[in-house]
Amino acid sequence: MSTPTSDANPQPRRQRRSRASRLLHSPVFFPLVGFIAVFIVMALANDNFLLPNNLTNVARQGAIIAIIAVGMSFAIFTGGIDLSVGPVMALSGTIMAGLMAAGWPPTVAVIMGLLLGMVFGAFNGACVAFARMPPIIVTLATMGIARGLGLIYTGGYPISGLPAGFSFFGRGEVVGIQVPILIMLLVYLVAYVVLHHTSFGRYVYAIGGNEEATRLTGIRVPRYKLLVYTISGLTAAIAGLVITSRLMSGQPNAGTGFELDAIAAVVLGGAAIAGGRGAILGTLVGAMLLAILNNGLNLMGVSPYLQDVAKGTIILLAIYIGRGRNA
Amino acid sequence: MSTPTSDANPQPRRQRRSRASRLLHSPVFFPLVGFIAVFIVMALANDNFLLPNNLTNVARQGAIIAIIAVGMSFAIFTGGIDLSVGPVMALSGTIMAGLMAAGWPPTVAVIMGLLLGMVFGAFNGACVAFARMPPIIVTLATMGIARGLGLIYTGGYPISGLPAGFSFFGRGEVVGIQVPILIMLLVYLVAYVVLHHTSFGRYVYAIGGNEEATRLTGIRVPRYKLLVYTISGLTAAIAGLVITSRLMSGQPNAGTGFELDAIAAVVLGGAAIAGGRGAILGTLVGAMLLAILNNGLNLMGVSPYLQDVAKGTIILLAIYIGRGRNA
Amino acid sequence: MALLALEKVSKRFPGVRALNEVSLQVEAGEIHALLGENGAGKSTLMKILCGIHQPDSGEILIDGTPQHFSSYRRACAAGVGIVFQEFSLIPGLSVVDNIFLGREPRNRLGLIRHGVMLKQANALFERLDIDIDPQIHVHHLSVADQQFVEIAKALSLNARVLVLDEPTAPLTPTEVERLFTIMRQLREQGVAMVFISHHMEEIFEICDRVTVLRDGEYVTTLEVADTDAGALVELMVGRRVDNIFPDHHSHADSDDIVLEARIRMAGRKHTDYIQLARGEILGFAGLVGSGRTEMALAMIGAQPVTERQMQLEGHKVTLKSPADALKRGIGLLPENRKQQGLILPFTCADNITLNHLKHFQTRPPFISRRREREAVEALMDRVRVKAPGSDTVVGTLSGGNQQKVVIARWLERGCRVLIFDEPTRGIDVGAKSEIYALMKTLTAQGISIVMISSELPEITGLCDRVLVFNHGHVVAALSGDEIEAGTIMTHATRQISLDNPTGSTDESVATLERAS
Amino acid sequence: ETGDKADDELVIGMSFQELNNVYFVTMQRALQEAVNEMGASLVFTDARHDIAKQINDVEDMLQRGVDILLLNPTDSVGIQSAVMSAHDAGVPVVAVDAQAEGPIDGFVGSKNFDAGYKACHYMGEQLGGEGKVAILDGIPVIPILERVEGCQKALGEFESIEVVDKQNGHQERSTAMNVTENMLQAHPDLAGIFSVNDVGSLGALVAIQSSGMDVKLASVDGNPEAVKVLAQPNSPLIAIAAQHPATMVVQALELAVKKYRGEESPSEVPIDVTLVTADNAKEFTW
Ligand SMILES: Nc1ncnc2c1ncn2[C@@H]1O[C@H](COP(=O)(O)OP(=O)(O)OP(=O)(O)O)[C@@H](O)[C@H]1O
Ligand SMILES: Nc1ncnc2c1ncn2[C@@H]1O[C@H](COP(=O)(O)OP(=O)(O)OP(=O)(O)O)[C@@H](O)[C@H]1O
Ligand SMILES: [Mg+2]
Ligand SMILES: [Mg+2]
């Protein structure tokens with residue numbers, strides 16, 4: 001370039017962002033605003049909403065979807081998706097129940113169930129990562145497979161007769177906190193640390209942001225995708241543990257439509273559906289937003305048909321408000 | 001000015017691809033191979049499969065999903081998705097039934113039903129195109145809204161007592177071809193012409209291939225996205241017409257899970273789920289592949305639970321074989 | 001013995017022979033230039049060196065030992081680093097995360113040591129004199145800053161062999177100098193570097209030897225001191241190219257104002273005024289990030305603004321979107337062809353006709369494929385796209401040829417005003433002179449052109465008038481003899497008050513109006 | 001513990017397993033009428049066959065403060081924790097239509113096994129004790145599974161009747177129609193079909209009629225649309241083991257109110273099913 005050089009670059013560019021601006025740009029900001037808005041509306045519309053008992057209810061009711069949504073978040077952050085979560089949850093839960101009903105000790109049964117979830121997730125992951133098939137169609141297919149396997153295993157009947165001790169995971173309390181809520185918080189804590197403080201977490205976002213560039217950088221993308229779907233299988237299985245224990249019966253057809261709720265939670269939580277952007281705490285907020293919607297509309301005695309309409313409308317509004325971030 | 005002369009370019013440019021290579025590179029090639037493979041297996045496994053009567057059955061059964069999958073194809077080709085198709089189909093169908101039951105003439109009722117589907121689709125489109133919200137979440141929300149509206153409208157009762165003439169769309173025959181099949185073929189013909197011989201069709205793929213570039217080059221992207229979702233609403237309503245006429249009753253809860261079948265048809269048809277690539281005839285092949293799977297497994301008397309597993313496995317295999325094109 | 005040697009490397013892609021028995025030797029402490037037209041195979045050769053492509057035949061030797069790089073990771077381990085021609089950063093991650101991606105320092109629990117990473121990044125940036133917040137997300141950065149992050153990332157590998165594939169394309173002269181300082185340091189340390197650039201003067205400034213490729217064939221290797229630009233160009237293109245700029249004959253008709261625009265960007269205090277005459281080439285000069293692209297986008301309605309008043313041939317027009325602009329005959333060639341210009345999965349033909357399909361509708365709304373193909377092939381010949389056919393998928397073309405495809409789109413569009421944003425970025429000399437000639441031909445037909453460029457020779461060699469941007473505002477309007485590199489840089493780098501860029505706004509508008 | 005609110009102060013809650021089926025909608029409307037008569041108020045929810053949702057629904061209703069809970073569980077075992085929550089809250093719980101595990105105060109429901117048995121036995125007789133029969137199954141929940149078992153027992157009593165196929169129509173009309181079409185194709189000599197409910201049988205009917213085959217159809221529920229078809233001459237639909245949703249829910253309400261007041265009452269009220277055939281179809285109504 002045959003141009004005069006100018007050593008002076010006087011522009012005061014590249015200032016560092018302030019704390020307030022960071023908060024505003026955090027992916028959790030808009031979900032939180034939406035959550036608080038709906039929370040306030042629900043509290044005003046119903047006297048019983050704010051009772052501590054009810055808030056515990058809400059958290060417990062939201063826990064299942066919230067736990068599943070962790071795995072879904074990993075999948076979505078990498079630019080993928082996992083539609084098989086509902087049936088995998090049901091399958092893992094029924095296997096746990098079946099093994100316990102067959103006399104296996106609860107701990108072993110639970111471990112087997114969790115392993116099964118991971119194996120199923122790993123299968124999804126292998127199809128996506130090594131066979132390079134699109135996640136949406138892989139998990140659509142395995143969704144049917146998991147559902148079928150669960151029904152074959154139980155012959156369609158729910159499995160009951162579980163040992164009393166097993167109810168701990170769904171109905172127990174530890175230091176005054178209900179176990180399902182505790183499990184949920186634990187899962188989120190681990191997910192947070194993994195996503196924000198390990199290299200793997202960094203790769204999850206990198207793959208979602210630009211898979212090709214990530215691969216070129218020398219990162220073994222397939223390996224980490226495999227891991228992501230394995231995690232999704234695991235969180236589905238954990239949800240299966242909680243729901244089976246809460247129902248004290250293995251339900252082969254539980255979890256129908258849960259994949260859509262989980263996706264809604266992740267997107268309400270501010271994640272970009274194309275991957276690369278999102279926060280796990282946002283997902284928690286999104287899941288709780290769905291839970292207060294369900295609970296609040298029930299408390300208000302809104303007719304079931306109208307609830308669908310109301311829920312859909314509120315989701316639309318929430319996304320509309322925070323939309324700049326997702327477009 | 002001294003620019004190089006053009007004879008300095010030794011490459012044999014502008015050859016056109018051979019016919020065979022075109023076929024092999026056509027997006028319909030692998031879906032067709034998969035279809036033929038499954039077709040042969042089903043024919044060998046079951047004596048009744050090849051009976052003309054049964055093949056008509058298959059085509060008619062597949063017609064509903066095939067019609068819905070046309071709108072889904074448009075959405076997926078632009079890089080979007082439409083999850084609301086099932087409930088929109090049910091809603092349009094019940095409205096038609098309701099108006100006819102209330103004494104409106106069938107033609108008017110049908111037109112109103114189709115219009116309703118388009119309006120609903122246009123609403124999806126407006127949210128996606130102008131409010132720039134992610135299609136998956138918009139249509140997830142409107143899916144609940146459409147379902148709720150259908151149920152509110154009917155109060156949970158199916159609507160029967162339709163005029164006999166209305167059965168033409170579901171049970172009639174024209175020149176020896178059953179009307180549902182004819183409607184399906186017509187819809188595909190129109191879609192094919194639109195996608196391959198009009199500028200709108202080119203824009204559909206361009207938007208899916210690179211939306212930003214398409215916009216900057218001066219194409220009115222929002223307008224065409226609106227159109228795409230309106231088309232999806234329309235095809236869902238056409239499917240609603242066929243199903244309502246076939247059952248001679250308006251079913252507010254018809255179409256549950258149809259969005260997943262339609263997505264499966266599009267992706268089995270060789271489309272890239274990220275948009276920009278796919279063929280409408282591939283979608284037809286995909287939808288028919290699903291139909292012969294359902295039919296063949298039923299004919300073979302495979303237990304219903306096992307059918308889920310078998311169907312999932314075959315979808316996985318089909319995608320695996322044609323995968324290079326979708327990765 | 002050379003530190004790095006590539007021996008008779010060949011590579012075919014479907015329909016293209018990208019490399020045919022190409023050899024290259026680079027010594028320790030040498031900066032070796034790789035020169036060639038667009039599509040000559042430079043990037044392909046470098047990708048083979050880095051394990052991203054596998055050669056069909058041939059060998060890579062480091063210190064005389066044959067190497068087999070099955071992936072970039074392997075190449076890195078052997079001490080090879082690359083700054084890619086196309087960006088390889090992850091937009092959603094922070095600058096530090098990008099630099100250390102895949103090599104994060106970890107503690108015993110396997111958790112990332114954020115503090116250590118940040119310290120190393122700051123140290124690196126200090127050494128390179130880069131002033132970027134390491135914690136900012138990459139998608140907030142300008143193209144130039146992203147390029148420096150890219151460079152920092154490659155340097156952080158402490159590679160013995162460093163490939164720089166057109167690193168200077170998005171940089172200003174100052175920034176290029178900064179990069180050269182870094183490269184000289186590395187030369188001192190004995191690093192072997194391969195440097196790819198289409199800027200001759202850069203090669204003469206920094207390189208020791210130069211290897212020329214033509215159509216995938218090795219041509220020759222020369223000492224830079226023993227040759228000159230004309231000779232190199234002749235080796236590259238196979239014939240002499242005397243003057244890449246067309247005759248400085250202006251087609252501007254300064255009495256016939258085609259376009260007037262008063263635009264106030266969102267968040268800015270002042271309104272900028274732009275005036276464009278028929279047949280004129282108006283340059284937008286300025287430092288990277290000075291707001292030229294933003295102005296171009298605002299002019300075609302692609303970006304929301306606080307105020308926008310446009311007059312086209314004396315009539316007021318409202319432009320709410322690029323489509324409105326197109327309808328009025330204003331078109332834009334965006335600066336980032338991959339993200340903003342091309343539909344990568346489309347063929348050349350489909351890309352070229354995308355915004356004027358109406359021309360091929362013999363019976364609306366149906367498109368006549370035959371007419372479309374004929375028109376496309378004529379256009380591709382006119383801009384000399386090097387591609388197997390008009391139905392070649394555009395994503396497989398070399399960068400320069402992709403740019404030509406974008407240009408071809410606008411030739412037959414019948415536009416009155418064309419805005420070319422960095423039209424020659426990453427384009428070889430031959431193609432450049434073709435594009436310049438094309439621009440002149442267009443102005444001769446009465447079309448007005450706005451050219452945004454970071455290359456001053458281009459601005460001074462081609463423009464009838466120049467607007468200089470500084471801090472998002474037009475700070476000077478130059479014409480005639482004022483169009484001179486020194487004057488432009490003075491205005492572009494002048495320290496200005498953000499509140500009042502040109503003294504008084506009214507006055508500045510008045511000045512500009514007088515100047516134009 | 002007993003409640004002391006007046007009738008018109010009571011809040012009655014009912015959780016339905018689904019509300020997209022005329023059977024349950026009829027139940028809901030009958031309940032609404034009965035509640036209106038009392039002057040009390042009603043809240044109801046729709047679980048859509050999702051037991052987890054049903055439990056949430058019940059918890060929310062308890063939170064809202066219902067005095068009486070009627071429960072139409074989508075799963076008898078899984079509903080247990082909801083029953084316990086209600087019990088802990090001192091709200092009397094009566095299960096309707098399907099049994100519920102746990103400390104419930106009463107159960108009012110059809111004899112589902114009998115329903116399957118009666119419908120299939122009649123069909124067996126009408127087929128002259130021979131021929132191939134297929135079963136159109138539904139969502140795997142206890143009452144449905146019991147109907148299938150009852151049917152299989154009845155058919156087993158005819159030596160020459162063979163159950164050749166069992167497919168799932170998902171209790172949804174269009175799916176049932178497609179599945180029946182395929183079953184007819186696979187078994188061109190099929191003589192009879194048992195559908196687990198009337199939504200399925202109405203779908204199957206479309207398939208049978210358009211195939212032109214002579215296949216007898218038996219079903220369970222008593223859906224007015226199906227009963228109307230049954231009354232037509234030469235209808236393929238020959239028998240419906242009819243339930244009585246209105247009676248059922250009203251009895252359940254009475255039982256629950258008695259429990260609420262601490263009055264003596266039976267804890268289980270099995271409701272007989274009525275076999276509706278062409279002979280008595282004209283008189284039958286829900
Ligand atoms: N992945 C690919 N698939 C098919 N062809 C390719 C691929 N990559 C490169 N090519 C072709 O190989 C040839 C060499 O391309 P390459 O990118 O190496 O050129 P270059 O010298 O770097 O050009 P430029 O100066 O434009 O960057 C071109 O003809 C290009 O079209
Ligand atoms: N590091 C940065 N962080 C945030 N914003 C930046 C940064 N650098 C530039 N910008 C913003 O980008 C805008 C100017 O970018 P634009 O692309 O229009 O400039 P340009 O002159 O075309 O330069 P380029 O050569 O990069 O295209 C300005 O609004 C400026 O504030
Ligand atoms: Mg290159
Ligand atoms: Mg620019």
Side-chain angles (χ1 to χ4, degrees), chain A residues 79 81 83-84 87 123 127-128 131-138 140-156 252 256-257 259-261 263-264 266-268 272-274 303-320 322-324 326-327, chain B residues 79 81 83-84 87 127-128 131-138 140-156 252 256-257 259-261 263-264 266-268 271-274 303-320 322-324 326-327:
Chain A
I81 203 154
L83 299 179
S84 71
F123 177 73
C127 290
V128 171
R132 305 179 130 256
M133 294 153 75
I136 194 169
I137 197 77
V138 166
L140 190 59
T142 56
M143 176 179 178
I145 296 177
R147 178 70 71 210
L149 289 178
L151 287 168
I152 291 171
Y153 179 67
T154 63
T256 312
E259 68 283 357
L260 297 181
D261 278 0
I263 294 171
V266 177
V267 181
L268 281 172
I273 196 77
S303 115
Y305 303 156
L306 209 63
Q307 285 197 16
D308 286 335
V309 179
K311 210 171 123 183
T313 312
I314 293 171
I315 292 181
L316 269 188
L317 279 177
I319 298 283
Y320 180 76
R323 101 209 101 119
N326 296 310
Chain B
I81 203 155
L83 298 179
S84 71
C127 289
V128 171
R132 308 178 131 257
M133 294 152 75
I136 194 168
I137 198 79
V138 166
L140 190 59
T142 56
M143 176 179 179
I145 295 177
R147 176 74 68 213
L149 289 178
L151 288 168
I152 291 170
Y153 179 67
T154 63
T256 311
E259 68 283 356
L260 296 181
D261 278 0
I263 295 171
V266 177
V267 181
L268 281 172
I273 196 76
S303 112
Y305 304 155
L306 208 61
Q307 284 194 19
D308 286 336
V309 178
K311 210 170 121 183
T313 312
I314 293 171
I315 293 181
L316 269 188
L317 278 177
I319 298 283
Y320 180 76
R323 102 209 99 119
N326 297 311

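Residue numbers begin at 1 in each chain, while the letters A, B, ... track the order of the sequences. Keep in mind that this is a model prediction, so the values were computed, not measured.
Shown here are the salt bridge (Lys or Arg N to Asp or Glu O under 4.0 Å) partners of A:D308, two or more places apart in sequence or in another chain: D:R48. By the side-chain hydrogen bond (donor to acceptor under 3.5 Å, both in side chains) test, B:T154 is found to be paired with no residue, residues two or more places apart in sequence or in another chain being considered.
Note that the CG atom of A:L260 and the CG atom of B:L260 stand 7.0 Å from one another [nearest 0.5 Å]. One finds the CD1 atom of A:I145 at 3.5 Å from the OG1 atom of B:T313 (value rounded to the nearest 0.5 Å). Summarising the geometry, atom CD1 belonging to A:I315 is positioned 10.0 Å from atom CE belonging to B:M133; distances are rounded to the nearest 0.5 Å. Within the model, atoms CD1 of B:I273 and CD1 of A:I81 stand 9.0 Å from one another, a figure rounded to the nearest 0.5 Å. For the atom pair CD1 (A:I152) and CG (B:L306), the distance works out to 4.5 Å, reported to the nearest 0.5 Å.
A:Y153 does not touch chain B: none of its heavy atoms, backbone or side chain, sits under 4.5 Å away. With a threshold of 4.5 angstrom between heavy atoms, A:L83 approaches chain B through side-chain atoms but not through N, CA, C or O.
Counting heavy-atom pairs closer than 4.5 Å to chain A, the top residue among B:G150, B:P304, B:G155, B:P135 is B:G155. Each of B:G148, B:A274, B:A310 has some count of heavy-atom pairs under 4.5 Å with chain A, and the biggest count is that of B:G148.
Of all non-hydrogen atoms in A:A141 and B:G312, the two that sit nearest each other are CB-O, 3.4 Å. For A:A264 against B:L140, the heavy-atom pair with the smallest separation is CB-CD2, 3.8 Å. Summarising the geometry of A:G156 relative to B:Y305, their closest heavy-atom pair is CA-OH, 3.5 Å, with the distance given to 0.1 Å. Considering all non-hydrogen atoms of both residues, B:P134 and A:I319 come closest at CD-CG2, 4.0 Å.
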